[in-house]
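One structure is given below, encoded as structure tokens.
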2 protein chains.
Amino acid sequence: MTASDWAEAALAAMREGGGLNAIAIEPIATRLGATKGSFYWHFANREALVEAALARWERLRTEEVAAAVGPEPDPRARIRELYHRVTRDAARDPTELALLAHADHPRVAAVIKRVTTHRLDCLSRLFRDLGLSETEARYRGLQAYSGYLGRAHLAHSVPDLLPHGEDDRRYLDSVIDSLIGTHRPDADSGAGTDTGAGSGKGPAPGRDP
Amino acid sequence: MTASDWAEAALAAMREGGGLNAIAIEPIATRLGATKGSFYWHFANREALVEAALARWERLRTEEVAAAVGPEPDPRARIRELYHRVTRDAARDPTELALLAHADHPRVAAVIKRVTTHRLDCLSRLFRDLGLSETEARYRGLQAYSGYLGRAHLAHSVPDLLPHGEDDRRYLDSVIDSLIGTHRPDADSGAGTDTGAGSGKGPAPGRDP
DNA sequence: GTATCCCCGTACGACGGCGTACGGACATGC
DNA sequence: GCATGTCCGTACGCCGTCGTACGGGGATAC
């Protein structure tokens with residue numbers, strides 16, 4: 001039984017509901033088949049466990065971003081891929097939403113700030129790669145990230161109100177189109193084989209005579 | 001001392017941090033200068049108080065939407081006004097964010113679902129008034145609402161990462177432009193003196209002859 | 001004056017969570 | 001055999017909160 005085991009168990013407890021309050025020593029000890037005696041050998045107090053769990057979460061999220069944003073060369077496809085991927089994961093892991101709700105906690109606030117800054121930087125860079133100006137790229141990055149957070153919330157708390165299946169795919173395309181301009185009908189990036197038309201109705205029908 | 005007083009105090013407690021857990025009988029009693037004796041005369045148990053607070057919150061939010069969406073005739077300006085107004089309030093009242101984090105609570109889930117449905121309907125109607133198709137209007141409504149939720153979170157947990165003052169006004173204009181098409185450069189709403197160009201590069205230049 | 005009822009304060013028990021004290025099992029070194 | 005150090009279980013005190021029991025003030029009716 002190591003400190004890492006406790007940290008992972010704390011994260012698991014958060015994942016399964018209750019937010020930060022789910023990090024309670026005795027319930028987690030029971031879940032691990034251990035007792036408080038073990039815990040207080042590895043940690044000074046509950047706050048230390050919270051901190052360890054937060055550090056672990058931050059590391060996982062950072063690696064996740066790096067993995068998600070890495071391979072794809074085309075910036076347009078990168079944004080698309082990132083949005084799909086990240087929005088799918090967040091729906092079934094309420095940990096991030098729980099942390100957002102505890103932003104008044106100083107440790108949590110610090111973690112959120114670092115993770116958010118990192119993500120926004122990555123997003124802004126993606127938009128810069130699309131040719132947008134510095135401030136415009138930052139605006140788009142903020143807008144994209146706000147949309148991501150909101151979508152994660154909706155997916156978790158009122159999934160019925162979000163489109164499903166194919167409809168959701170079209171919706172996401174519509175959102176992404178409004179973020180990255182619109183995808184040029186001439187230089188369409190292959191991934192979506194067919195219904196690019198559905199999103200083609202986006203905000204910018206004009207543009208090419 | 002009425003039941004309403006307790007419900008309002010419960011809401012106030014939530015406003016000031018701690019989310020649903022902030023609705024604790026004894027602290028609220030102290031804050032009201034009363035005791036549990038009074039509470040258990042008006043309510044059966046804590047759950048009843050939570051329910052009363054939720055009902056009160058739902059009523060307030062519903063009236064708020066009605067007031068915010070009512071007067072303005074031009075749909076474009078309505079969206080603008082709504083976005084500005086709602087985004088400003090949400091930043092300094094974490095109650096909604098706290099409720100989102102407790103979406104696993106059945107009562108909370110029901111309230112969130114009703115309020116969200118209502119808001120999305122209003123938003124979709126606004127976009128329909130702009131001439132969008134049914135599904136397109138619903139997509140835009142969802143996108144706008146997701147953006148609102150995300151922005152509220154960012155404003156509360158990492159306000160430093162959001163633009164401030166004039167910059168934020170430009171950012172919001174950029175977001176709204178990408179949602180409602182673009183604001184017509186001929187009918188520019190005066191406030192922004194100069195750099196309206198920054199958002200003018202939005203997704204849809206065409207549309208109006 | 002007193003009976004009644006509404007409203008509330010006080011005192012109590014129970015529970016769950018934190019943190020501490022202490023002892024004990026077990027391996028290791030010598 | 002014995003000492004030492006690591007790791008953990010047990011038992012305890014403490015606190016905050018929920019819910020209940022009970023008593024009492026005070027207004028009103030008559």
Side-chain angles (χ1 to χ4, degrees), chain A residues 1-57 94-95 98-99 101-102 104-109 111, chain B residues 1-57 94-95 98-99 101-102 104-109 111:
Chain A
M1 188 75 53
T2 74
S4 282
D5 295 333
W6 283 94
E8 173 54 32
L11 266 189
M14 280 197 69
R15 251 192 305 275
E16 291 156 18
L20 262 194
N21 311 326
I23 301 187
I25 298 167
E26 282 156 329
I28 294 180
T30 304
R31 168 214 207 74
L32 284 175
T35 62
K36 292 193 298 180
S38 171
F39 173 80
Y40 282 100
W41 176 258
H42 295 286
F43 294 90
N45 49 32
R46 176 180 177 275
E47 190 58 25
L49 176 61
V50 170
E51 207 165 331
L54 289 176
R56 188 182 182 84
W57 183 82
T95 306
L99 289 183
H102 286 87
D104 49 330
H105 188 298
R107 307 282 188 179
V108 174
V111 170
Chain B
M1 188 74 54
T2 74
S4 282
D5 295 333
W6 282 94
E8 172 53 33
L11 267 188
M14 281 196 68
R15 250 192 306 275
E16 292 156 17
L20 261 194
N21 310 325
I23 303 188
I25 298 167
E26 281 156 329
I28 293 179
T30 304
R31 168 210 205 78
L32 284 175
T35 63
K36 291 194 298 182
S38 170
F39 173 80
Y40 283 100
W41 177 256
H42 295 286
F43 294 91
N45 48 32
R46 178 180 176 273
E47 192 57 26
L49 176 61
V50 170
E51 207 165 332
L54 288 176
R56 188 181 181 85
W57 182 82
T95 306
L99 289 183
H102 287 87
D104 49 331
H105 188 299
R107 306 284 189 181
V108 174
V111 170

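Order of the sequence lines sets the chain letters (A, B, ...), proteins ahead of strands, with each chain counted from 1.
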Response to the item:
Separation of C:dG9 atom P from B:F39 atom CZ, nearest Å, is 14 Å

Worksheet entry | d(CG, A:N45; P, D:dC14) in whole Å | 20 Å

Worksheet entry | Short side-chain N/O contact from B:W41 to OP1 or OP2 of C:dC7, under 4.0 Å | yes

Worksheet item: What integer distance in Å separates A:N21:CG from D:dT17:P?
Response: 13 Å

Worksheet item: Taking atom P of C:dC18 as reference, at what distance in whole Å does atom CZ of A:F43 sit?
Response: 13 Å

Practice prompt. Provide, to the nearest angstrom, the distance between the CD atom belonging to A:E47 and the P atom belonging to C:dG17.
Written response: 17 Å

Worksheet item: Are any side-chain N or O atoms of A:N45 and backbone N or O atoms of A:A48, one a donor and one an acceptor, separated by less than 3.5 Å?
Response: yes

Item to complete: Check the surroundings of atom CZ in B:R107: do more than 12 heavy atoms from other residues, nucleotides or ligands lie under 6.0 Å from it?
Response: no

Discussion item. On a heavy-atom basis, which atom in B:N21 and which in B:H102 lie closest, and how many Å separate them?
Written reply: OD1-NE2, 4.2 Å

Item to complete: Nearest-nucleotide wise, let me know which of B:W6 and B:E26 is further upstream toward the 5' end of DNA chain C.
Response: B:W6

Worksheet item: Nearest to the side chain of A:A24 - C:dC8, D:dC8, C:dC18?
Response: C:dC18

Worksheet item: Has B:H42 got a side-chain N or O lying under 4.0 Å from the OP1 or OP2 atom of C:dC8?
Response: yes

Worksheet item: Just how far, in rounded Å, is P of D:dT10 from OH of A:Y40?
Response: 17 Å

Worksheet item: Would A:E26 and A:R46 pass as an ion pair if we require N to O under 4.0 Å?
Response: no

Response to the item:
Whole-Å distance, A:R46 CZ to C:dC18 C1', equals 9 Å

Discussion item. If you assign A:G37 and A:I23 each to the DNA chain C nucleotide with the nearest heavy atom, which residue ends up on the more 5' nucleotide?
Written reply: A:I23

Item to complete: Give the nucleotide from the list D:dC8, C:dG9, C:dC18 with an atom nearest to the side chain of A:I25.
Response: C:dC18

